[in-house]
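The chain is numbered in sequence order, starting from 1.
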Amino acid sequence: MEGLAKIEDLGKPRVVIVGGGFGGLELAKALRHAPVQVVLIDKQNYHTFQPLLYQVATAGLEVDAVVSPFRKILDEQENLFFRLAEVQRIDAERQVVETSIGLVRYDYLVLATGATTNYFGDAEMERNAIAMKSVMDAIELRNTVLSNFEKALQLGDEVQLNSLLDFVIVGGGPTGVEIAGALSELRKHIFPKDYRELDFRQMDIHLIQSGDLLLKGMSAEASRKSLEYLERFGVQVHLNKRVKSYDGYTVTLNTGETLVTRTLIWAAGVAGAPVDGLPPECLRKGGRYAVDEFNRVKGHPHIFAIGDIAAMESTEYPEGHPMLAQPAMQQGRLLAHNLERLLAGQAPQPFRYDDKGSLATIGRNHAVADIKLLGKDLKTQGFLAWIIWMFVHLMSLISFRNRLFVFLNWTWSYFTFDKGRRYIIGPTREPVPVEATTEKAIV
């Protein structure tokens with residue numbers, strides 16, 4: 001076929017996986033002994049452990065503690081070929097995907113493209129806010145926070161100074177809650193030592209949540225306790241409020257209230273990241289592919305979708321499974337098994353989500369945990385939940401090297417109250433220009 005990307009043909013059924021997130025990577029690994037050729041395509045050459053990105057953003061971890069190169073992870077899998085490319089379009093009739101390196105033929109196509117930040121059509125918000133979905137987002141946030149404090153040292157006008165010291169976080173899910181807790185720790189233990197000339201009693205942390213609960217989807221106890229912890233740490237939590245606009249300086253709420261900040265962190269929602277080429281009826285609300293109980297995209301028996309991009313609607317999950325790592329990984333493992341069954345002429349098995357619970361940390365020694373263990377629902381908060389949170393996340397990291405690095409970083413930070421990654425390297429979000437102070441700062 002003309003225009004094909006250069007990939008050796010092993011003469012076996014070819015499974016093309018688009019996206020190396022939790023679902024795609026789990027599927028690729030689970031196919032290591034299958035009689036297939038696996039082609040993994042991703043626009044990055046590494047897997048990102050997204051649950052710990054907020055710690056990169058708040059100077060707690062190095063970037064390389066939360067990423068792992070695909071070629072290193074899969075270096076012993078002889079039936080796998082990785083290609084660094086962007087998938088641009090699906091041609092289901094010819095069974096090829098159009099990519100930035102050429103056409104890639106498939107016998108089975110698996111879409112595991114994950115999710116992207118959802119600004120709900122607000123172009124101004126997208127332009128001025130900082131998201132928390134990628135490594136570059138995390139680096140940009142860390143650099144912006146530190147750069148703003150360096151700029152604050154040169155300001156005499158209190159309003160402008162406060163705009164650099166204050167933070168607004170939009171979204172009361174795990175990401176928003178965890179960033180708020182991490183910033184409150186930095187305000188207490190780190191920033192006053194680094195920037196002795198600044199008064200961090202003026203540093204306000206606002207968390208805006210449109211509903212009446214934090215951590216929607218977790219238990220009432222977890223929601224109540226997380227609110228209690230955040231307020232204890234000095235975070236100003238605004239429930240039942242929405243952000244109407246943000247121009248890079250002023251945050252306007254639906255209540256008419258305004259907040260001033262140069263740093264708004266958007267953690268309010270995600271949407272699926274579909275690929276062009278399939279008909280519109282394949283998509284459901286939120287940009288997710290409609291799939292059946294075998295993760296097949298409806299109307300396309302050779303195309304599957306797993307993880308955040310898949311909406312498997314059921315009585316228990318009318319809007320699809322939660323956009324978390326566990327459903328993606330479980331779907332990846334089952335799909336690998338089902339592809340082998342299909343190749344053997346056997347019927348596939350339906351997906352049943354095994355919900356293991358949810359966790360969120362609010363800072364040092366404080367977390368909330370809803371765990372399903374041996375058929376029982378267990379709920380705990382505080383120090384024990386924090387230990388559980390650390391253990392689960394540590395063991396979920398891809399490589400032993402990453403586990404070791406993170407464990408050593410956490411241990412050092414716990415006993416020294418230090419966050420050692422306070423450097424500005426890479427992109428920084430420059431603040432929207434505002435009238436300079438009338439008094440020129442004196443160096």
Side-chain angles (χ1 to χ4, degrees), residues 1-48 63-64 67-114 116 134-136 272-279 282 289 295-297 300-310 328 331-333 335-340 342-343 398-399:
M1 189 180 294
E2 190 176 349
L4 284 177
K6 187 179 178 182
I7 302 174
E8 181 184 354
D9 193 333
L10 300 184
K12 299 177 180 179
R14 180 182 284 183
V15 179
V16 174
I17 305 169
V18 181
F22 288 108
L25 184 59
E26 196 70 18
L27 169 62
K29 292 192 296 183
L31 288 171
R32 61 188 175 276
H33 299 306
V36 297
Q37 178 182 14
V38 182
V39 178
L40 175 62
I41 302 173
D42 198 287
K43 61 184 178 182
Q44 309 292 349
N45 74 335
Y46 55 82
H47 169 80
T48 303
V63 170
D64 63 357
V67 299
S68 299
F70 289 122
R71 295 189 184 277
K72 176 63 177 175
I73 300 168
L74 304 163
D75 61 353
E76 296 182 0
Q77 190 165 331
E78 294 184 0
N79 68 341
L80 185 135
F81 294 75
F82 172 74
R83 288 296 183 267
L84 179 67
E86 284 203 56
V87 172
Q88 299 159 339
R89 190 175 182 279
I90 300 166
D91 187 335
E93 187 176 341
R94 291 197 297 165
Q95 290 195 197
V96 295
V97 288
E98 300 173 12
T99 79
S100 55
I101 60 170
L103 302 177
V104 178
R105 180 192 60 79
Y106 67 83
D107 293 294
Y108 296 99
L109 175 64
V110 182
L111 301 171
T113 49
T116 187
S134 71
V135 168
M136 295 309 294
V275 180
D276 289 342
L278 296 183
C282 291
Y289 289 110
N295 282 101
R296 288 182 301 214
V297 175
H300 296 274
H302 293 92
I303 301 178
F304 299 81
I306 60 175
D308 292 353
I309 192 64
Q331 288 176 355
R333 286 192 291 268
L335 182 53
H337 176 68
N338 279 339
L339 287 173
E340 292 193 67
L342 288 172
L343 291 171
I398 294 296
S399 69

Exercise. Passes side chain to side chain contact (heavy atoms under 4.5 Å, CB included), Y106 versus V39? Steps please.
Worked result: CA-CA 9 Å; Y106 67 83; V39 178; over 6 Å; no

For this session: Check the pair R94, L103 against side chain to side chain contact (heavy atoms under 4.5 Å, CB included), reporting the backbone distance first and the verdict last.
Result: CA-CA 10 Å; R94 291 197 297 165; L103 302 177; 3.9 Å; yes

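Counting heavy atoms from C-beta on, the side chains of P274 and Y289 come closer than 4.5 Å. In this structure the side chain of V110 reaches within 4.5 angstrom of the side chain of L335, judged on heavy atoms. Considering only heavy atoms from C-beta on, V135 comes within 4.5 Å of V67 through its side chain. A heavy-atom distance below 4.5 Å is not found between the side chains of F304 and V297. V104 places a side-chain heavy atom less than 4.5 Å from the side chain of I7.
Residues passing the salt bridge (charged side-chain N to carboxylate O under 4.0 Å, His left out) test with E98 are R89, sequence neighbours excluded. Under the rule for a ring-ring contact (aromatic ring centres under 6.0 Å, His included), the partners of F82 that lie at least two apart in sequence or sit in another chain are F70. Considering only residues two or more places apart in sequence or on other chains, H337 meets the ring-ring contact (aromatic ring centres under 6.0 Å, His included) condition with none of them. Judged as a salt bridge (charged side-chain N to carboxylate O under 4.0 Å, His left out), and not counting sequence neighbours, the contacts of D64 are R401. For the ring-ring contact (aromatic ring centres under 6.0 Å, His included) test, no residue two or more places apart in sequence or in another chain qualifies with F81. K43 pairs by the side-chain contact (heavy atoms from CB on, under 4.5 Å) definition with E86, not counting sequence neighbours. Remark: N79 pairs with V36, V38, Q77 by the side-chain contact (heavy atoms from CB on, under 4.5 Å) rule, at least two apart or across chains. Residues passing the side chain to side chain donor-acceptor pair (under 3.5 Å) test with N45: none are found, sequence neighbours excluded. With sequence neighbours left out, the ring-ring contact (aromatic ring centres under 6.0 Å, His included) criterion links H47 to F22. For D42, there are no side chain to side chain donor-acceptor pair (under 3.5 Å) partners, not counting sequence neighbours. Partners of T48 according to the side chain to side chain donor-acceptor pair (under 3.5 Å) rule, which considers only residues two or more places apart in sequence or in another chain, do not exist here.
When all heavy atoms of A85 and I41 are compared, the closest pair comes out as O-CG2, 3.7 Å. The minimum heavy-atom distance between A112 and I309, with the atom names listed, is CA-CG2, 4.3 Å. Between I17 and G24, the shortest heavy-atom distance links the atoms CG2-CA, 3.8 Å. Across N295 and A310, no two heavy atoms sit closer than the pair ND2-CB, 4.2 Å. Pairing each heavy atom of D107 with each of K12, the nearest pair is OD2-O, 4.1 Å. Of all non-hydrogen atoms in Q88 and S100, the two that sit nearest each other are NE2-CA, 3.7 Å.
With rounding to the nearest 0.5 angstrom, the CD atom of Q95 is 9.0 Å from the CG atom of L109. The NE2 atom of H300 lies 8.5 Å from the CD1 atom of I90; values are rounded to the nearest 0.5 Å. With rounding to the nearest 0.5 angstrom, the CG atom of L278 is 5.0 Å from the CD1 atom of I303. To the nearest 0.5 Å, atoms CG (N338) and OH (Y108) are separated by 11.0 Å. Note that the CG atom of L27 and the CG atom of L40 stand 9.0 Å from one another [nearest 0.5 Å].
Judged by distance alone, the side chain of Q331 and the main-chain N or O of I306 form no donor-acceptor pair under 3.5 Å. When atom types are taken as modelled, the side chain of T113 and the backbone of A273 share a donor-acceptor pair closer than 3.5 angstrom.
Identified under the side chain to side chain donor-acceptor pair (under 3.5 Å) test for residues 13-34, with sequence neighbours left out: R14-Q37, E26-R333.
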